Asks: 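This is the structure I want to talk about, given as structure tokens.
In this text the structure is predicted, and so the values were computed from the model without any measurement.
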Amino acid sequence: MNQKKGRLLIIDDEVDILLSLQLYLSQHFTSIDTENNPSHIPRRLRNAEYDLILLDMNFTKGETSGQEGIHWLKKILELKPNTLVIMITAFADVKTAVEAVKQGAIDFIEKPWRNEKLLSTISSVLRLSESNKNLAALEDRQRSLNTAIHENAGELIGQSIEMRRVMDLINKVAKTDANVLILGENGTGKELVARAIHQQSKRQAEVFVKVDLGALSQSLFESELFGHKKGAFTDARADRMGRFELAADGTLFLDEIGNLDLPFQAKLLSALQNRAVTRLGSNQEVSVDIRLICATNIPILEMVQQNKFRQDLLYRINTVEITLPPLRERTGDIPLLVQHFLKIYKKKYHKYDLKIESSAMQALEQFQWPGNIRELRHSVERAVILCDGLSLKTEDFLLSNAHQGQGQLTELENYNLETIERWAIRKVLTKHAGNISKAADELGLTRATLYRRMEKYGL
């Protein structure tokens, strides 16, 4: 007979009962301990971890009230609050059994018991115990994962007046559940702001779910956000939760919301108004409780005026609006950012003695950085990788292809196609102040393609 995992403790003043239970249950569970003196319970709990305790309700001869058992039940739960306890009673006293369950017992069995019923009850309780442990472990892993993700995502850095204003807004809005719209050029740190708001909110222990609407095809919009049922479309081979459901009780971050077409804006607005979503292929609404944060680098008010973005949706998503300044408007923060990234990459690439020359820092401060902080970070990493000495010079940052200060091209060092493409992308991004949509249009690329090229060239 296969034994099930589980360590049980049986507490009863009748030795015959203990022996009978031990003989039967030892056939089914890996470890059975017995105790006939309830005063030994504290010592037992100190010395061992039990998956389940079977506890008699009466220990004194002639006692039938069950209050002794309830007393020791309270003591067990005081010492080990998560212990699962099944009460044993020789009397079919429903009121006492109900009181025991109210006090924290998981179930009760009556003497004399039927072995099948006894085994079924214990097995059910142990399965519940295992499920609770697995759930607790999953929650711990989720909390650890969330912490690791936020730590790896980076932090907001800056002492300029512009950044102090942003941080002040974050501190004020984070503790509320207000919807937030973050505006700013590509690479200014909009996701970092969203994560900072989540980390300071009452939902910080829950999930942070990001959706890049700019990279989401129209055909996948509803499935990704709202989920689908098996068979809802050709490739729907199983039920799937959408991002709204995945973000339940946490924060949903919709990046590049300005790229959403009008029909999908209407669907999103409906979900936000009803606080519920309907999976594709289903007629049943699923309630969702989320904190919504959106971001875009597109002038969204202009889109409203051009009837490209719904005004009612804008009202819904921007209870509070936070605008991130481009790096060229907060050049005083560049030394802080450079030193921060330098510290990260010196450690990553084991170049602990590396320093940056003052002339190089001055060149970085004068550069326009059309890709903003993201471009600066890539530039520092590349310089650390390529540097052969102990100090980073201006030429290590490969800024010579563009005129520092005004961001205008003088002459290319070479006519390698990748060099030309990188210069063209940088120039058009500068021209359109980091607006991805306008830059992509002028370059004849899709937004997704432009994103890939920018990632390739560290822009």
Side-chain angles (χ1 to χ4, degrees), residues 1-140:
M1 184 178 294
N2 292 329
Q3 286 185 321
K4 300 174 183 176
K5 290 183 179 180
R7 185 170 188 179
L8 279 60
L9 173 62
I10 308 168
I11 307 168
D12 198 299
D13 62 312
E14 297 184 47
V15 177
D16 291 343
I17 294 290
L18 292 178
L19 181 59
S20 177
L21 284 171
Q22 186 176 38
L23 287 173
Y24 175 65
L25 294 176
S26 62
Q27 300 176 53
H28 301 278
F29 301 100
T30 52
S31 179
I32 308 294
D33 293 346
T34 61
E35 178 59 66
N36 67 348
N37 186 347
S39 64
H40 293 164
I41 288 175
R43 176 172 55 82
R44 288 275 187 177
L45 295 181
R46 282 196 301 271
N47 295 333
E49 292 289 334
Y50 292 102
D51 297 298
L52 176 65
I53 294 177
L54 299 177
L55 176 65
D56 192 19
M57 294 194 73
N58 298 293
F59 293 93
T60 303
K61 190 174 181 178
E63 179 63 45
T64 61
S65 69
Q67 292 306 308
E68 288 179 309
I70 290 177
H71 164 77
W72 287 111
L73 170 66
K74 291 179 179 177
K75 187 67 176 176
I76 290 169
L77 295 178
E78 178 185 325
L79 295 171
K80 294 284 183 73
N82 296 321
T83 304
L84 297 176
V85 182
I86 293 177
M87 307 303 295
I88 308 173
T89 178
F91 304 91
D93 187 338
V94 175
K95 291 178 68 175
T96 306
V98 170
E99 182 182 352
V101 171
K102 286 182 177 178
Q103 295 294 336
I106 196 72
D107 207 340
F108 71 96
I109 58 175
E110 301 173 24
K111 302 175 188 175
W113 60 83
R114 289 185 297 110
N115 283 347
E116 296 80 5
K117 173 65 174 174
L118 173 68
L119 181 61
S120 174
T121 300
I122 292 174
S123 298
S124 296
V125 169
L126 288 177
R127 281 197 297 271
L128 174 63
S129 174
E130 189 65 24
S131 296
N132 288 341
K133 288 177 182 177
N134 290 339
L135 179 59
L138 282 172
E139 289 174 344
D140 285 342

Asks: Check whether any side-chain heavy atom of D51 lies under 4.5 Å from a side-chain heavy atom of F29, and answer yes or no.
Replies: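 No, their side chains stay 4.5 Å or more apart.
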Asks: Given the rule in the side-chain contact (heavy atoms from CB on, under 4.5 Å) test, do R7 and T30 qualify, once you have shown the distances and angles that lead to the verdict?
Replies: CA-CA 6 Å; R7 185 170 188 179; T30 52; 5.6 Å; no
Asks: Taking salt bridge (charged side-chain N to carboxylate O under 4.0 Å, His left out) as the test, write out the residues that go with D13, two or more places apart.
Replies: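 Per chain and number, D13 pairs via salt bridge (charged side-chain N to carboxylate O under 4.0 Å, His left out) with no residue.
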Asks: When you compare the side chain of D12 with that of K111, does any pair of heavy atoms fall below 4.5 Å?
Replies: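 Yes, at least one pair of side-chain atoms sits under 4.5 Å.
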Asks: Could you tell me whether the side chain of S26 and the main chain of L23 form a donor-acceptor pair under 3.5 Å?
Replies: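 At least one qualifying donor-acceptor pair exists.
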Asks: Are I53 and I41 packed together at the side-chain level, in the sense that at least one heavy-atom pair is separated by less than 4.5 angstrom?
Replies: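 They are not in contact (no side-chain heavy atoms under 4.5 Å apart), so the answer is no.
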Asks: Extract all donor-acceptor atom pairs below 3.5 Å that involve side chains of residues 71-87 and protein atoms in other chains or at least two apart in sequence.
Replies:
from	atom 1	to	atom 2	distance (Å)
K80	NZ	L45	O	2.9
K80	NZ	E49	OE2	3.1
T83	OG1	K80	O	2.8

Asks: Would you call L54 and I122 a side-chain contact if the rule is heavy atoms closer than 4.5 Å?
Replies: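 Counting from C-beta outward, L54 and I122 do come under 4.5 Å.
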Asks: Tell me, do N47 and R43 make a side-chain contact under 4.5 Å, heavy atoms counted?
Replies: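 Yes. Closest side-chain heavy atoms under 4.5 Å.
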Asks: Would you indicate whether the side-chain heavy atoms of E35 and L9 approach each other to under 4.5 Å?
Replies: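 L9 reaches E35 side chain to side chain.
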Asks: As a quick check of understanding, evaluate side-chain contact (heavy atoms from CB on, under 4.5 Å) for I17 and W113, giving each step before the final call.
Replies: CA-CA 11 Å; I17 294 290; W113 60 83; 4.1 Å; yes
Asks: So S39 and F59, side-chain contact (heavy atoms from CB on, under 4.5 Å) or not? Walk me through it.
Replies: CA-CA 11 Å; S39 64; F59 293 93; over 6 Å; no
Asks: Would you check if T34 and L21 make a side-chain contact, meaning some heavy-atom pair closer than 4.5 Å?
Replies: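 No - every pair of side-chain heavy atoms lies 4.5 Å or more apart.
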Asks: Would a 4.5 Å heavy-atom cut-off, applied to side chains only, mark L118 and Y24 as touching?
Replies: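 They are in contact (side-chain heavy atoms under 4.5 Å apart), so the answer is yes.
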Asks: Please name all residues satisfying side-chain hydrogen bond (donor to acceptor under 3.5 Å, both in side chains) with S31, sequence neighbours left out, ordered by chain then number.
Replies: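 Listed in chain order: nothing, the list is empty.
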